[in-house]
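Reviewing the structure listed below.
Here is the naming used below: chain letters follow the sequence lines, and residue numbers restart at 1 for every chain.
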Amino acid sequence: MATKVNTSTYPQVDTSPNFPALETETLAFWKSQGTFKQSILAREGGENEFVFYDGPPFANGLPHYGHLLTGYVKDIVPRYQTMRGRRVERRFGWDCHGLPAELEAEKVLGISGRNQILEMGIKPFNEACRTSVMKYTSEWEQYVTRQARWVDFKNDYKTMDRPYTESVLWAFKTLWDKGLIYEGFKVMPYSWAMETTVSNFETRMDNAYRERQDPAATVAFGLVPKEGEPEHVDVLAWTTTPWTLPSNLALCVGADLDYAVFEKNGRWLVIAAALAGKFEKELDGADQVATWQGSDLVGRVYTPLFPYFKDHPGAFRILAGDFVSTEDGTGVVHLAPGFGEDDQRVCEGEGIDLVCPVDSAGLFTFEIADYKGMQVFEANRPILRRLREEGRLFREESYVHNYPHCWRTDTPLIYRAVSSWFLKVTAIRDEMVRLNQEIHWIPGHVRDGSFGKWLEGARDWPISRSRFWGAPMPIWRSDDPAYPRIDVYGSIQELEADFGVKVPDLHRPYIDELTRPNPDDPTGKSVMRRIPDVLDCWFESGSMPFAQVHYPFENKDWFESHFPADFVVEYVAQTRGWFYTAMVLATGLFGKPPFKNVICHGVVVDEDNQKLSKRLKNYPDPTDMFNEHGSDAMRWYLCSSPILRGQDLSVDLKGKGIAEVVRLVIMPVWNAWSFFSMYARADNLRADYRPNPGPDAPVLDRYILAKVRDLVVGVTKAMDSYELNIACANVRTFLDAFNNWYIRRSRGRFWSAVTGDAALDAEKHSAYDTMYTVLHVLSRTVAPLLPLVAEEIYRGLVDPDESVHLTDWPDVNELQADDALVREMDLVRDVCTGALGVRNEAGLRVRLPLKSLTIAGPGAPELAEIEGLFELVQDEVNVKSVSVEGNVESLGKFELFVNARAAGPRLGKSTKDVIGASKRGEWKDLGDGKVEVGGFVLEGDEVELRLVPRDGLEGKATLAIPSSGVVIALDVVTTPELEREGVARDLVRHIQEARKAAGLEVSDRIALALDLPSDGQAAVDDHRDYIQGQTLADSIAFGQGAGGYSHEASLLGHLISVTVTRVEVVNS
RNA sequence: GGGCCUGUAGCUCAGUUGGUUAGAGCGUCCGCCUGAUAAGCGGGAGGUCGCAGGUUCAAAUCCUGCCAGGCCCA
């Protein structure tokens, strides 16, 4: 890598900056430089492109944490891939059509319901929709920009754009030509008040399910008796929708269920055995005469309750259905295939056509002559009265249940067969299941779990909506059934050719104005008219991969060579939404999965795991979080959490988790940079990028460079497998080694003065170069995860005009791997941790030097071979000498540890005994690596000898470090010399404190006066040079000083006073 | 009713070819260190691994059932 010429030193860095303010400065820098655009243009396209699809949000409100989280992931992966050298285009998309837009328009226009829309006219209504869907776009752009997400808003796509819709029409026509579109008559939730079917979206709206009291009737259906049966054999069926009884066409039983047959007054009554107990009163005095299996009932014929459909082909039989339960009712379900999904499915399987004698307003039609024109719920009573009179009503009660309501009109929905257009998903289901195996899902279980299962059970998809604001169904049909004809259009050109006019707008009502004479009608009277429905908006969002580029009318080659996408991310519920519809369309149109890698993240909830709610304000305002802690903190908080693996993440009301990120992640990174900058400025130097300084470099430098290489390897692996939270964890681990070991142990080299001694100065320069190199690599490695902080550091470090996001991902080959050194150094860190623990336990403060530390263990001598390690331990633990001992007998002894995993299978039941014997020390070393224990000879990896400290070592404090296989022994015997040295260090500490309290500059020279007890004075006498050198004291006097700044402290149990007086340096 | 996920320290979570003494961060308490200083280091306390069975020499881990929570489908 080319290094900039060192013409100036580094900027002054605020040690505890206002990160949000820094962030907005960086955002402004990006804007002024066009950095985002540069980052795309700097990479080659074509084969090298990394394709990312931005699932279009529906902007009917401000973005919340879920959107922000998705946005962060949508930013991190492309930034990473860009640094890896790929070209990553990012276009923002807007989902524009559908019911939420219509609702908003109604609100704005002050109207309500279908009739008022038609009264006002579709044209002004759709205009209002068009305006309303763009209402929040500028707010969205502000949020997305503030979260440092790079995405192209200028070149965005909208699902309502004409080219987008044309591609959607192409998709529809292509599926039509493949025979995958059909018109069907299916039972769906239906609002008779709004006269429309109700989509999934609407039935799931809050409060859609509400308590309702309905009459529940147990009705006796009279079977046609067989030989040996009485004249009246009645099967009892239960329903909470008596109004569907006139349309009854069959009964349904569970084939495996048991049905009890009771006799009462010569009449037989059939009911599920498990439920007979609920009819004690009605069955009083009845005797059970038989038990039938459901399968015995299947196929039997019964007399219709009502005459309206008595000649219906195939009807009035008992069928078997797997959905029949014995939870409530009678175990016999009455089937009205026009008014129930299960009913329709079962009847269809038996070749019974449905009947639907209820019109669009929920009124009975002429077919039900007796109740014609009556609203179905109103008809419940008269129907029940009639059944009672005819003796068919076995029991009548009222039933309170949760029932879906039309959220607009508050009226109960009905299930009703309506005409709708379907995409025949069942025909491509197996292919989808197969293609799904090619997709890499995060978390992995989604593939064969919720998504895979959903695909296996996929049903045909109703894609038409009798609404106003959406892509038109491109179907024109003859208005005279005598001359049937259907035309389907897949492009604007085809429309213009057939209708002879320009088609500037594909929306209603303009599209509805396209009519022409039916070419198949010789009389010339019938007209081709568009069916008035619009497409389900999910069909449109699922078309996003090709529709955003106006395929196949434009970008044909690009799309065909860049599909499927490399990566998408949305929240987990999109397995039922966009992931699914994209899958259906990709399979149906192209026989490919729509994407290769997909993250489905979880949901952000509040402290009590409740949904975030604007009304309840149970979450911190994202804008406040941006202003208080910054976007990078929020980014890290969200993306380092298990929410990326589909779990929920609860965010506390005060945003403590986000604040914590600043302290635990961002500050450490920043501290490293500000430390570097502070000393480099003091030394007035610039460092060089030296990723591989060679074997003669100081050991700490080689260690941290090898360590940062390991970091890059780890983060690369995690990012390549889309495990962002693991990448974050890698960074955390590295920061500990960097800040709390490397920098802390290297401080001396930074503050040492330039001596003129070549070796010492080289060490100092090596520290700077290493620090610079690590920060250089680190800022690039965290650039996707902390893009704003990384940018600020990189620009300060390298060049204020250069963006870290335009650099290449760190090259691991450039950095020297040194596994042995990393291992040994990590052992040394363990030793220091252990030794400090031992000191703590022994009550020996660190400032008190101790004589020696011994490290004993089989691997210990290797430590001695690496130069410089012992000095690190001496400094860190404050001991005079460090030694190693390969032979551990002096300090430790071995305990036998049975490797149960290896020996268990061979020893079987004796494993426990053998382990017990080993723990009691009942084992014998047979040599050659063989050991006898508990009557068995173990060898090889079946046993392991573990080092523990020996007891009763005079004057030593010992500790085993199992992870490293060593024992350490600290010499805890102090001497008067050591005590005096410790006191001298204590004094230095107090003097430094006094200097700081006096407000002196670190370079100011002082005169010292110390008021001390006699042993304190002895310490000063012994270590006068050391104290003066450390504290820049020109002189030390005993006693209370006159003038200057006095500072009181406690030393050796006495109150002492330290007086510092600044000494003017006379320039010679 | 069915499917998927989750249940481990006060909190957030690691911990899969089953292996002896279950880990981390945060919080808390104690101690230390400090020319990065509104930082840093060490230690202590804190756990019936949701519950109950089973398999096994051995279960947080595998199996079964149950309980609780979340999501989805009926």
Between [X] and [Y], is the ring centroid distance below 6.0 Å?
{"X": "Phe579(A)", "Y": "Trp454(A)", "value": "no"}
{"X": "Tyr772(A)", "Y": "Tyr768(A)", "value": "no"}
{"X": "Phe750(A)", "Y": "Phe676(A)", "value": "no"}
{"X": "Trp670(A)", "Y": "Phe19(A)", "value": "yes"}

Counting just side-chain N and O atoms, does [X] come under 4.0 Å of either OP1 or OP2 of [N]?
{"X": "Arg745(A)", "N": "G40(B)", "answer": "no"}
{"X": "Arg839(A)", "N": "G31(B)", "answer": "no"}
{"X": "Asn671(A)", "N": "A36(B)", "answer": "no"}
{"X": "Lys909(A)", "N": "C57(B)", "answer": "yes"}
{"X": "Arg747(A)", "N": "G35(B)", "answer": "no"}
{"X": "Arg901(A)", "N": "G18(B)", "answer": "no"}

Once you apply a heavy-atom cut-off of 4.0 Å, does [X] come out as touching a base, just sugar-phosphate, or nothing?
{"X": "Asp913(A)", "value": "nothing"}
{"X": "Thr833(A)", "value": "sugar-phosphate"}
{"X": "Glu341(A)", "value": "nothing"}
{"X": "Leu1000(A)", "value": "nothing"}
{"X": "Asn740(A)", "value": "sugar-phosphate"}
{"X": "Ser16(A)", "value": "nothing"}
{"X": "Arg985(A)", "value": "sugar-phosphate"}
{"X": "Leu836(A)", "value": "sugar-phosphate"}
{"X": "Ile743(A)", "value": "base"}
{"X": "Gly646(A)", "value": "nothing"}
{"X": "Arg845(A)", "value": "sugar-phosphate"}

Nearest-nucleotide pick for [X], side chain only, options being [options]:
{"X": "Tyr679(A)", "options": "C13(B), C33(B), A36(B)", "answer": "A36(B)"}
{"X": "Arg576(A)", "options": "C73(B), C41(B), G25(B)", "answer": "C73(B)"}
{"X": "His445(A)", "options": "G35(B), G70(B), C5(B)", "answer": "C5(B)"}
{"X": "Lys453(A)", "options": "C26(B), C33(B), C4(B)", "answer": "C4(B)"}
{"X": "Arg989(A)", "options": "G43(B), C41(B), G35(B)", "answer": "G35(B)"}
{"X": "Arg459(A)", "options": "G35(B), C72(B), A74(B)", "answer": "A74(B)"}
{"X": "Asn739(A)", "options": "C57(B), C26(B), A36(B)", "answer": "A36(B)"}

Can you tell me, in whole Å, how much space there is between the [atom1] of [N] and that of [M]?
{"N": "G7(B)", "M": "U12(B)", "atom1": "P", "result": "12 Å"}
{"N": "C32(B)", "M": "G53(B)", "atom1": "P", "result": "49 Å"}
{"N": "A52(B)", "M": "A14(B)", "atom1": "C1'", "result": "27 Å"}
{"N": "C49(B)", "M": "C57(B)", "atom1": "C1'", "result": "22 Å"}
{"N": "G43(B)", "M": "C4(B)", "atom1": "P", "result": "44 Å"}
{"N": "A60(B)", "M": "U17(B)", "atom1": "P", "result": "14 Å"}
{"N": "C73(B)", "M": "G15(B)", "atom1": "C1'", "result": "33 Å"}
{"N": "G70(B)", "M": "G23(B)", "atom1": "C1'", "result": "26 Å"}

[X] has an atom [atom1]; how far is it from atom [atom2] of [N], in whole Å?
{"X": "Arg645(A)", "N": "G7(B)", "atom1": "CZ", "atom2": "P", "answer": "10 Å"}
{"X": "Phe738(A)", "N": "A39(B)", "atom1": "CZ", "atom2": "C1'", "answer": "15 Å"}
{"X": "Trp741(A)", "N": "C33(B)", "atom1": "CH2", "atom2": "P", "answer": "17 Å"}
{"X": "Asp1004(A)", "N": "G35(B)", "atom1": "CG", "atom2": "C1'", "answer": "13 Å"}
{"X": "Phe734(A)", "N": "G25(B)", "atom1": "CZ", "atom2": "P", "answer": "18 Å"}
{"X": "Arg663(A)", "N": "G40(B)", "atom1": "CZ", "atom2": "P", "answer": "7 Å"}
{"X": "Glu660(A)", "N": "C13(B)", "atom1": "CD", "atom2": "P", "answer": "12 Å"}

When Asn740(A), Leu872(A), Asp736(A) are each screened for side-chain contact (heavy atoms from CB on, under 4.5 Å) with Arg829(A), the one that passes is Asp736(A)
Pairing of Arg429(A) and Glu456(A) as salt bridge, 4.0 angstrom limit: no
Any side-chain donor paired with an acceptor under 3.5 Å for Asn436(A) and Trp441(A)? yes
Does the side chain of Ile442(A) reach to within under 4.5 Å of the side chain of Cys600(A), using non-hydrogen atoms?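 The answer is no; the side chains never approach within 4.5 Å.
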Is there a donor on the side chain of Gln992(A) or the base of G35(B) sitting less than 3.5 Å from an acceptor on the other? yes
Is a donor-acceptor pair below 3.5 Å formed from side chain Thr911(A) to base C57(B), judging by atom type as modelled? yes
